[in-house]
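Here's the structure, in structure tokens; my notes come after.
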Amino acid sequence: MLPRADIDLRGGVVFQDQPTLTWIADPVTRRIRGRGDGWEAIRQAVEIIVSVERFKWQIYTPNFGTDYNGLLGTEPGYAASELQRRLEDAFLPDSRILGMKDFTWSFSGVSLSVRFTVLTVFGDVASGLEVPLR
């Protein structure tokens, strides 16, 4: 199919955001409780991006999730800085996510705990996770 020749682009192109409407799962019961949009949808997206290991699940595309491979057995300081970089990389494909701030980490026993705030177009989302290092 050839493009139409009568389209005039001199006036510019208007980009329109699509709704973020999605099914929302209750974090406690793990059951679908309805549909959500806006902040609730992006909060759930952040939670899924952080909890899905990149390249491990065929249901997700290769650019979805966070890469935790290679952090096991590394120095806590290196693991924390590398995890911060990998999380920022994981959030890049989602245009609703603007960045990350307040990244803090602590090492306890054999796990690295991190807390951070994700900046989104709908407001800030607090998140965190624990990664085993041994």
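In this chain, numbering begins with 1 at the start of the sequence shown. What you see is a predicted model; the values in this text were computed from it and never measured.
Contact annotation: the side chain of Val110 never approaches that of Pro132 to less than 4.5 Å [non-hydrogen atoms, C-beta and beyond]. Side-chain atoms of Ile97 and Val118, non-hydrogen and from C-beta on, do get closer than 4.5 Å to each other. Side-chain contact between Val121 and Ile42: absent, with no pair of heavy atoms (C-beta onward) separated by less than 4.5 Å. The shortest side-chain heavy-atom distance between Glu53 and Thr66 does not fall under the 4.5 Å cut-off. Side-chain contact check for Lys56 versus Asn69: every heavy-atom pair is 4.5 Å or farther apart. In this structure, Leu83 and Val114 have side chains that are in contact, with non-hydrogen atoms separated by less than 4.5 Å.
With hydrophobic clusters built from ILVMFWY side chains whose heavy atoms lie under 4.5 angstrom apart, Ile49 does not share a cluster with Ile24. Two different hydrophobic clusters hold Val46 and Trp23 under the rule that ILVMFWY side chains link at heavy-atom gaps under 4.5 Å. Linking Ile, Leu, Val, Met, Phe, Trp and Tyr residues whenever their side-chain heavy atoms come within less than 4.5 Å places Ile59 and Tyr68 in a single cluster.
Contact record, Pro76 with Leu112: O-CD1, 4.3 Å, taken as the closest heavy-atom pair. Here the closest non-hydrogen pair linking Ala41 and Gly36 is CB-O, 4.0 Å. Shortest non-hydrogen contact noted between Ser127 and Val50 is OG-CG2, 4.1 Å. Taking both residues in full, the closest heavy atoms of Phe64 and Tyr60 are given as CD2-CD2, 3.4 Å, listed atom of the first, atom of the second, then distance. Minimum interatomic distance between Leu71 and Thr74 (heavy atoms only, all atoms of both residues): O-OG1, 2.8 Å. Phe55 and Pro62 get closest at one heavy-atom pair: CE2-O, 3.4 Å.
Comment: Arg54 engages Asp89 in a salt bridge, judged by a side-chain N to carboxylate O separation of less than 4.0 angstrom. Under a 4.0 Å N-O distance rule, the pair Arg35/Glu40 does not qualify as a salt bridge. A salt bridge does not link Glu88 to Arg85: none of the charged nitrogens lies less than 4.0 Å from a carboxylate oxygen.
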Can you check side-chain contact (heavy atoms from CB on, under 4.5 Å) on Leu119 and Met100, steps first, answer last? CA-CA 6 Å; Leu119 309 171; Met100 216 170 59; over 6 Å; no
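The distance from the CG atom of Leu87 to the CG atom of Leu92 is 11.0 Å, given to the nearest 0.5 Å. Summarising the geometry, atom CG belonging to Leu98 is positioned 11.0 Å from atom CZ belonging to Arg96; distances are rounded to the nearest 0.5 Å. To the nearest 0.5 Å, atom CG of residue Asp124 and atom CZ of residue Arg43 are 14.5 Å apart. To the nearest 0.5 angstrom, Ser106 atom OG is 8.0 Å from Glu130 atom CD.
Taking the six-membered ring where tryptophan is involved, the planes of Phe103 and Phe116 are essentially parallel, since the angle between them stays under 30° and well short of 60°.
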